[in-house]
Amino acid sequence: MTTEAGTETEVKEKAEESAAQPDQSEKATEETKEDVTAEGDKKEKEGKGISRYLPTWLKKQKSLNQTSPTEDVPPSEEQKEGAPPEVNGHAEEEEEDTEEKNETEKSEQVKEKEAEPSAEVKEETEPVKEEKVEEEKSEEKSAEEETTKAASEGDETEEVQKELEKETAKAPAEGEKGEAQTSLFQSPLKLVRKNKMKLVVCHVTLLDGTDYTCEVEKRVKGQYVFFKVCEHLNLVEKDYFGLAYKDAHDHKCWLDPTKEIKRQIRSNNWQFSFNVKFYPPDPSLLSEDLTRYLLCLQLREDVARGKLPCSFVTHALLGSYTLQAELGDYEADQPKPLDHMNQLTFAPNQNKEMEEKILELHKSHRGLTPAQADTLFLENAKKLSMYGVDLHHAKDSEGVDIMLGVCANGLLVYKDKLRINRFAWPKILKISYKRNNFYIKIRPGETEQFESTVGFKLQNHRSAKRLWKVCVENHSFFRLNAPEPPNKARFLTLGSKFRYSGRTQAQTRVASSLIDRPAPNFERTSSKRISRSLDGAPMISITDTSAGENGREPHLELNSDSKTAEVEIEETVVVQEVSKATKPAIVTVEQVPSEPPVKVEEAMTVAEDETAPKRESVSSESESEEEAEYHPNVHVSLSHTQIPEEKEEDVEEEVEEEHVSNGTPVDLPPVTQDTPPIEVREVPLETPQSVAQPKEDGVAVEEEKPVAEVEEEESTDDPMVTPEEAPNGLPLADDAPDSPGQEEPKINGQPLTVETERHPQVICCTEPPVVKTEMVTISDTFAAQKTEIATKEVPIVHTETKTITYEAAQLDGNGDAEPGVLMTAQTITSESLCTTTTTHITKTLKGGLSETRIEKRIVITGDCDIDHDEALAQAIKEAKEQHPDMSVTRVVVHKETELAEEED
Amino acid sequence: MAGLLTKFGHYTHAVVRGIPASLATEALRSSQADVDLDRAHREHAEYVAVLRTRLGLEVVELPADESLPDCVFVEDAAVVCGDTALVTRPGAESRRAETEAMKDALRKLGLNVVEMTDENATLDGGDVLFTGQEFFVGLSKRTNQRGAEILADAFKDYAVSTVSVTEGLHLKSFCSMGGPGLILIGSSEHAQKALKIMQQMSDHRYEKLTVPDDLAANCVYMNLPDKGHVLLHSTADMFPESFKVLEKLQDYTLIPLSNSEKMKVDGALTCCSVLINKTANI
């Protein structure tokens, strides 16, 4: 294995990436010029432009009627298409080709659009102008607002309709692939509205071998079906389980519960298998026999298929417990013995000798109840060395075939059948992948001075990514107290934002302890089992589908290098310190012309406080297939006292800061300072990488619930959009990935700082020159006062475009006022869609008035084929349901588009 | 109950072998000390007596074979865990034939015997440390990767991790199990290094007990009904400092055994027996 200083490696990578950017920068410059030129047209376009970026459902028919291709197509499409393949995960790759085609066709259109967005952004940067714009749009807005309300109330029907429309529109052109790709072309092409929901029949193979079939709406997310299955099974302790599907390459993949199914499976075959995803290290801690039974079913299969190797004796023993559980006490006169056994497979090489042994042992289990037999089965199974180990084929740095096993405790390295190394989770500082390479950065040992990075080669990028995801999920589930926090303010649009979104083992255990229901009755039906199609293949398949990758590579060559997603996990205090140190760097970033230095201090203080307590932050760095690197940082405070684990992301290529600043002049002189608690919104960023796939969408919905009357004041605080000019942007730009040297500092420090809850969080997105960013803010009628629209697009001379927005939602009477408390943070990330919900409670003293403001911010970020409208509507609906007394104050749709290389 | 639930250190049978006269002159050794054959016999007799009489094990005593000077060190010829016995392919050419008698004996005991037939594989039982939860196999002059793989295949229930043995003859030349989850380890640099590797490679936590002398770290641990923790260890005369450490073990029955002569030919306490738990067999 190769061991080298982690940082160095990273730097190198970045350097490589940056190398690819120059071209783009030129483009950016050109674009900038165009923007200027276009200014005259701005106003006209603005109206349209903004509306374009609004979710289709907000536009109502009006938008639908717009037929001009340029206007209609752009928003969602561009972004979606632009989504980096990484984001989508396994399925993405397949789509790429199609996407590219589409892009090419529309490239012209896209160009035009891009130019427009930048223009808009500029204007918006100035608050005053914004108002004008708003006025102009008043008509649209009112309509939109209404729609928003409707949506927030949970107008599912509309969404559904939308979906259908999209599909319909695309179907003809796309043919068979239409289903999967539909999402790509959504709103723009909606020509027809249908009232019917499109239903799909979903087949789920259960652990007992039976099929569960249900009809679901085509748009549903993975969790919908999963919950239906759990409901069908009467399963409460469901966090250990998941639904799996087979991708086009016959690899078994986990269905992301937060993502729409159709976008994951990429096929018309809605066939899934219900499986154990996380094998509980101690099954005796499970609350219900039903759960244990299901785990037994999974293990029986694992054993029978040889996925869980065990000795002859163990095979026999496990088999005998199975018989006891299924058939009860052994009865000599019963005809079943071997007859039965023939139907039951206990081992890969089951033979007569084994069957006899099983029967012999079965006799000894007399009196055991099925539940007891299951328990004993599990007690033995859990001790098997490969219990719960998910194996992946790989090669070490010298090209030697090895296997990487991901389990509850960490990462295991096998050569042939021997364990040759092991990296416990606490020893791993960062997990990343880049192309087909998978890296782990190792904490230095007692006697070592430097961190080391160990790299492995996977068969292809998909394999690397799959391994990476499994690692992220297993680490989160078994090591964290709570899932990684919302990706906090910063999302990476590029690269994989993937995070484990479910409950962790710690959480599920707590939940299990609260289960209050009589033990459910269930029927044991192992005899029904038949070989399953889905599970048939071992998790590890050597299949190399390089063909698929090659196919797209031509287009994405530049990008291919940049595929990287990293999660840094830091568990030690030392790490925290490091992160603190880095903060300063972040601060720098935050400092924008308008911000007073004071603010910085606050931010830092806060950050430190947070650091002190245990928090877990996870930052992931993801890169799109292209060159861009992305480092999302997430910090979460854990309520439990555990060793804090922090995950950091390395460098951020794009720096996009959104800052909500209180516009209120009255507030402390350093108005900006007041904003410390401010939430930072994440706007989807696009990295240069995405060149091939230019679009990213971000939709942020913010709910604010003013507890105090102060609300109005808040409104005064209208979020200011601070446009950052090139000068301002420069610092950021420097930080951008382009400069490898600076990256290092960022890596260490940024994640922490950023994560600190919503202080002036800095979301950095460096956009490649080509990328244009548009932000549209829609203020709710109710909360109009509070509405903030901050968008800027600053084309940097260097060819980088940065959008920095400062948003100060809260007023701090005192500079030292508490930044606010982050109550809850949840991030659900999927390859193509990121939803972050952050509840932020801030108490502020202002002129003797104390104001408590509860903000719940939902940020949805997506790269490629996200259906924003749908996602937004859903988010609003959910938020409304949860907090009927809160109002939606702001809906921000931010789109970034990059010109695809196709232009060339 | 079966294999995986078996209590670590519980044995019912032991296979030992007599000392051939050729031991004194022809046995492989890393030092040049002269072996007092009579004394070696006395020491071995005592060893067997302890197993049979004091500990109550059923001892199968194989006759010495003059053509196999090292045959007394039966441990290298087989690895037994549960009801499975892996008959090894010793790394030293001159010792390969030792496995024949061992194989027969194990078969007679009703064990499921697995043979290592791969000609590229070598494995000495002295390089195999079974902790009760997993195996560590020392990659040494006598044991290679292939041998370890075959061992892993024979004992599929357990993780098998490899540890490189840079100094000393075998992995167990400087360590052994001192109880469930307790590794006795020598204080030499390479011993400590090996321990670290083992700890890193394992999902289980092991306590360690470091003794000043590497050779003193080789003890035979048993957990027997009515006797509790039993540890056969080298006498205080041989390793006074190490004995002081072992003395601190609470609730252990410490049984000192003189092993000075066999030690001259690299024979440690564990080398002289293959311990078997027949009740563990289902």
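Values reported hereafter were calculated over all heavy atoms of this structure, with side chains retained and with hydrogens, waters and symmetry mates removed.
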State, to 0.1 Å, how close [X] and [Y] come at their nearest heavy-atom pair, and which atoms those are.
X       : Y       : value
S385(A) : A159(B) : CB-N, 3.1 Å
L418(A) : A148(B) : CD2-O, 3.3 Å
N421(A) : M201(B) : CA-SD, 3.3 Å

Handout entry: D203(B) and its salt bridge (charged side-chain N to carboxylate O under 4.0 Å, His left out) partner, picked from R419(A), K383(A), K382(A)
Key = R419(A)
Problem - Selection residues 166-182 of chain B - residue pairs positive for salt bridge (Lys or Arg N to Asp or Glu O under 4.0 Å), sequence neighbours left out - result: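 Listed once each, the pairs are E75(B)-K172(B).
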Handout entry: Q199(B) atom CD: more than 12 heavy-atom contacts under 6.0 Å
Key = yes
Exercise for the section: Report the distance from atom NZ of K417(A) to atom CD1 of I150(B), rounding to the nearest 0.5 Å. Expected result: 9.5 Å
Handout entry: Between CG on residue D83(B) and OG on residue S311(A), distance to nearest 0.5 Å
Key = 7.0 Å
Handout entry: Interchain contact, Q133(B) with chain A, by part (heavy-atom threshold 4.5 Å)
Key = neither
Problem - Residues which pass salt bridge (Lys or Arg N to Asp or Glu O under 4.0 Å) with K415(A), listed by chain and number, not counting sequence neighbours - result: none
Exercise for the section: For the pair T314(A) and K156(B), evaluate side-chain contact (heavy atoms from CB on, under 4.5 Å) and give the outcome as yes or no after the intermediate values. Expected result: CA-CA 9 Å; T314(A) 303; K156(B) 291 195 180 73; over 6 Å; no
Problem - Side chain Q200(B), main chain R422(A), donor-acceptor under 3.5 Å - result: yes
Handout entry: Summary of side-chain hydrogen bond (donor to acceptor under 3.5 Å, both in side chains) pairs that have at least one residue in residues 216-231 of chain B, sequence neighbours excluded
Key = N218(B)-T270(B), Y221(B)-H229(B)
Handout entry: Per-residue contact mode, L412(A) against chain B (heavy atom under 4.5 angstrom)
Key = side chain
Exercise for the section: Output the residues of residues 180-194 of chain B for which the shortest heavy-atom distance to chain A is under 4.5 Å, in residue-number order; output 'none' if no such residue exists. Expected result: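 Interface residues of residues 180-194 of chain B: none, nothing closer than 4.5 Å to chain A.
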